[in-house]
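Each remark here refers to the structure printed beneath this line.
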Amino acid sequence: MAEQTNIQKPAAPAPKKENKGVSSNVGGVKNASIVILICFVVAVCFFIFVLGNGSNFKDGSNANAPLNLAGTIYKGGFIVPILQTLFLTVIVLSVERWIALSKASGSGSIAKFVANVKKELAAKNIDGAEELCKKQKGTVGAVVYSTIQKYKEMDKNELLPKEQKLSLIQGQLEEATSLEMPALQQNLPIVATLTTLGTLIGLLGTVIGMIKSFQALSASGAPDSTELSTGISEALINTAFGIATAAFALIAYNFYTNKIDNMAYAIDELGFAIVNTFSQTH
């Protein structure tokens, strides 16, 4: 009988652990036009079916004098649902930015993260700083982690001069920052636009309301008090909605811009610390 030989297959190589980067985890609505469209539909439905409900007017008809505030707002005219659309859009995008920037901030305080990373860099503990970035995550953690990876790459490189290594580390910091910033600032230009647009649309409604009021005054004979009051109501309601929209948009824009600036300052501070550490140790 032929001898049977046990041929052992070579053991499969152990899978290499991938050095996964840190995700900034910045989400958010990518297409704000969908938000605006939905807000417009909601505003029109609210204007017609809620504000224009017959129970808000004398004798159950929205052509008559209003009995309450809802009816008075309805008398603001066709500008009202437009202003309500703008106001709802500001609210929705503000909430969306709050959620997105909360994720972008990472798992802990940015100020504490900056202090801890600087402490590790001062002790020349690059691996410790890297671990802190993995724990922190978010935009600042992702950018600093990417810069530290370039630091390690340059640390192993024995061909390039020191000045070029420093330039490459700084370039990696700037590139990573430029990739993250658009996600942080997403939809904020729309909020900034609504700051002005809300005021202008409100002013348009005010002018239209005043025109109706003066038309009532210019009528022959005794002025029509109903038309006069309707025109004044339209002017004041549109003014109020316009001011509210602009004020809320301005507060939201400045608030979120300040949060983004704080992240940018933290990135710059840690980037300088990384470059300075490399310069001192090489």
Side-chain angles (χ1 to χ4, degrees), residues 17-39 42 86-121 126-152 171-195 245 248-274:
K17 294 184 179 179
E18 295 183 2
N19 187 17
K20 295 182 179 179
V22 176
S23 173
S24 60
N25 198 28
V26 181
V29 177
K30 304 299 182 182
N31 191 354
S33 60
I34 297 177
V35 174
I36 297 174
L37 180 60
I38 294 174
C39 289
V42 172
L86 300 182
F87 187 72
L88 286 175
T89 301
V90 172
I91 293 177
V92 172
L93 293 183
S94 296
V95 173
E96 180 266 344
R97 281 296 87 191
W98 174 270
I99 296 173
L101 292 181
S102 295
K103 292 181 179 179
S105 297
S107 58
S109 169
I110 292 180
K112 187 176 180 180
F113 169 70
V114 171
N116 290 336
V117 171
K118 289 179 69 176
K119 183 178 179 181
E120 296 294 338
L121 291 174
I126 304 302
D127 291 333
E130 184 180 16
E131 288 300 318
L132 288 174
C133 293
K134 293 179 179 179
K135 292 179 181 179
Q136 177 69 18
K137 300 180 182 179
T139 295
V140 180
V143 173
V144 176
Y145 180 86
S146 175
T147 308
I148 289 177
Q149 295 309 300
K150 179 62 69 172
Y151 179 107
K152 287 186 171 183
Q172 178 63 32
L173 173 67
E174 295 174 356
E175 180 182 353
T177 303
S178 64
L179 291 175
E180 292 290 340
M181 282 301 155
L184 296 179
Q185 297 172 345
Q186 184 175 274
N187 296 329
L188 283 183
I190 296 176
V191 176
T193 302
L194 294 179
T195 302
T245 300
F248 196 86
L250 182 61
I251 293 172
Y253 179 79
N254 288 334
F255 176 77
Y256 292 124
T257 299
N258 184 63
K259 291 195 69 172
I260 294 173
D261 288 343
N262 289 337
M263 292 184 193
Y265 296 150
I267 291 172
D268 290 341
E269 185 175 354
L270 290 178
F272 176 79
I274 293 172

For the pair [X] (side chain) and [Y] (backbone), establish whether a donor and an acceptor sit closer than 3.5 Å, ignoring hydrogens and angles.
| X | Y | result |
| --- | --- | --- |
| Tyr256 | Ser94 | yes |
| Gln136 | Gly108 | yes |
| Ser178 | Glu175 | yes |

Quick check for you: to the nearest 0.5 Å, what is the distance between [X] atom [atom1] and [Y] atom [atom2]?
| X | Y | atom1 | atom2 | value |
| --- | --- | --- | --- | --- |
| Phe272 | Ile274 | CZ | CD1 | 12.0 Å |
| Ile36 | Leu86 | CD1 | CG | 8.5 Å |
| Ser105 | Met263 | OG | CE | 3.0 Å |
| Leu132 | Lys118 | CG | NZ | 14.0 Å |

Dump the intermediate steps for side-chain contact (heavy atoms from CB on, under 4.5 Å) on Tyr265 and Val114, then the final yes or no. CA-CA 10 Å; Tyr265 296 150; Val114 171; over 6 Å; no
Counterpart residues, ring-ring contact (aromatic ring centres under 6.0 Å, His included), relative to Tyr151 (two or more places apart): Phe278
Could you pull out the closest heavy-atom pair between [X] and [Y], with the gap in Å?
| X | Y | value |
| --- | --- | --- |
| Thr147 | Gln172 | CA-CG, 4.2 Å |
| Ala129 | Val117 | CB-CG1, 4.2 Å |
| Ala142 | Glu180 | CB-OE2, 4.2 Å |
| Thr195 | Leu250 | OG1-N, 3.6 Å |
| Cys133 | Gly141 | CB-O, 3.6 Å |
| Leu270 | Leu121 | O-CD1, 4.4 Å |

Are side-chain heavy atoms of Asn262 and Ile110 found at a separation under 4.5 Å? no
Using the test side-chain contact (heavy atoms from CB on, under 4.5 Å), find all partners of Phe255 that sit at least two apart in sequence or belong to another chain.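 For Phe255, the residues satisfying side-chain contact (heavy atoms from CB on, under 4.5 Å) (neighbours in sequence not counted) are Trp98, Lys259.
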Look at atom [atom1] of [X] and say whether more than 12 heavy atoms of other residues, nucleotides or ligands are closer to it than 6.0 Å.
| X | atom1 | result |
| --- | --- | --- |
| Tyr253 | OH | no |
| Lys152 | NZ | yes |
| Lys137 | NZ | no |

Chi angles and distances behind the side-chain contact (heavy atoms from CB on, under 4.5 Å) call for Thr139, Ile267: CA-CA 9 Å; Thr139 295; Ile267 291 172; 4.3 Å; yes
Quick one: do Glu130 and Gln149 satisfy side-chain contact (heavy atoms from CB on, under 4.5 Å)? Show the steps, please. CA-CA 8 Å; Glu130 184 180 16; Gln149 295 309 300; 2.7 Å; yes
Could you give the side-chain donor-acceptor pairs of residues 181-192 under 3.5 Å, partners two or more places apart or in another chain?
| residue | atom | partner | partner atom | Å |
| --- | --- | --- | --- | --- |
| Gln186 | NE2 | Val29 | O | 2.7 |
| Asn187 | ND2 | Val29 | O | 3.1 |
| Asn187 | ND2 | Glu96 | OE1 | 3.2 |
| Asn187 | ND2 | Glu96 | OE2 | 3.4 |

